[in-house]
2 protein chains.
Amino acid sequence: MSDDSILKKFGERVRQLRKARGFSQQSFAATCGLDRTYIGGIERGERNVALRNMEAIAKSLGLSVSELTTGL
Amino acid sequence: MSDDSILKKFGERVRQLRKARGFSQQSFAATCGLDRTYIGGIERGERNVALRNMEAIAKSLGLSVSELTTGL
DNA sequence: ATGTGACTTGAAGTCCGTC
DNA sequence: AGACGGACTTCAAGTCACA
């Protein structure tokens with residue numbers, strides 16, 4: 001069970017938005033103030049990201065949290 | 001800094017939506033499959049809620065995660 | 001430049017209660 | 001009905017070495 005499709009969807013969305021801006025995981029992680037392996041884990045749907053980190057990611061993408069979670 | 005205003009905003013939003021539906025914290029927590037003290041903590045802005053629980057809360061409110069995070 | 005497993009530690013989350 | 005505390009277990013956060 002443990003339906004983690006929401007994590008996968010969120011990861012795909014982050015990856016898509018990051019790429020669209022021409023960031024590498026590395027430079028993007030730095031912008032967010034997070035570790036590159038952590039960002040990688042998010043994009044692979046392995047991390048159950050919480051509000052504070054979602055905000056950091058959204059901010060680095062120039063979006064609101066609500067916009068970042070569009071489709072979820 | 002450690003700006004936790006996003007947690008407060010999220011908590012206020014949850015409280016507002018829950019009340020609008022006539023739920024008590026207790027019955028709402030049960031619907032979400034979460035603990036009543038945890039829901040209370042969220043509404044007080046003390047909890048850094050992660051994606052899976054946000055989804056459970058959104059579902060119990062009949063909303064998407066994106067709709068739940070409107071304003072964030 | 002990214003994937004991945006393993007790891008530590010601080011916070012998430014539960015369960016008991018009282019006010 | 002809700003705030004809040006203590007004690008507890010589980011998991012997210014954050015980092016590392018190496019593929």
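Naming: A, B, ... by sequence-line order, numbering from 1 per chain. No experiment lies behind these values; they were computed from the predicted model shown.
- One atom, CD1 of A:I42, and another, C1' of D:dA12, lie 11 Å apart when rounded to the nearest Å.
- Of the residues near DNA chain D, A:N48 and A:G33, the one whose nearest nucleotide (by heavy atom distance) lies more toward the 5' end is A:N48.
- Put simply, the side chain of A:S66 gets close to the backbone of B:S66: a donor and an acceptor are under 3.5 Å apart.
- Contact between the side-chain N/O atoms of A:R15 and the OP1/OP2 oxygens of C:dA1 is not found at any separation under 4.0 Å.
- Atom-to-atom, CZ of B:R44 to P of D:dA3 comes out at 5 Å; the value is rounded to the nearest Å.
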Applying side-chain contact (heavy atoms from CB on, under 4.5 Å), run through A:F28 and A:L34 and close with a yes or a no. CA-CA 9 Å; A:F28 182 60; A:L34 298 170; over 6 Å; no
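- To the nearest angstrom, P of C:dT4 lies 6 Å from CD of A:E46.
- Contact between the side-chain N/O atoms of B:R52 and the OP1/OP2 oxygens of D:dT10 is not found at any separation under 4.0 Å.
- Summarising the geometry, the separation between NZ on B:K19 and P on D:dA1 is reported as 12 Å, rounded to the nearest angstrom.
- Rounded to an integer number of Å, the gap from A:L51 CG to C:dA12 P is 10 Å.
- Residue B:R47 places no side-chain atom within donor-acceptor reach of the base of C:dA11, judged by atom type and a 3.5 Å distance cut-off alone.
- In this structure, A:S60 contributes its side chain and A:A56 its backbone to a donor-acceptor pair below 3.5 Å.
- Under a 3.5 Å cut-off, the side chain of B:N48 and the backbone N or O of A:A50 do not form any donor-acceptor pair.
- For residues 6-19 of chain A, every residue pair satisfying the side chain to side chain donor-acceptor pair (under 3.5 Å) rule, not counting sequence neighbours, is listed here: A:R15-A:E43, A:R18-A:E43.
- Whole-Å rounding puts the A:D35 CG to D:dC16 C1' distance at 9 Å.
- A close approach under 4.0 Å does not occur between any side-chain nitrogen or oxygen of B:N53 and OP1 or OP2 of D:dC11.
- D:dA3 atom P lies 14 Å from atom CZ of B:F28, rounded to whole Å.
- The side chain of A:Y38 contributes an N or O atom lying less than 4.0 Å from OP1 or OP2 of D:dA13.
- Look at CG on B:L34: it is 14 Å from P on C:dA12, rounded to the nearest Å.
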Just the atom pairs and distances: protein N or O near nucleotides 17-19 of chain C's N or O, under 3.5 Å.
residue	atom	partner	partner atom	Å
C:dG17	N7	B:R36	NH2	3.4
C:dG17	O6	B:R36	NH1	3.1
C:dG17	O6	B:R36	NH2	2.7

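- Counting heavy atoms from C-beta on, the side chains of A:L68 and B:T69 never come closer than 4.5 Å.
- Listed for the A:R44 side chain is no donor-acceptor partner under 3.5 Å among the backbone atoms of A:G11.
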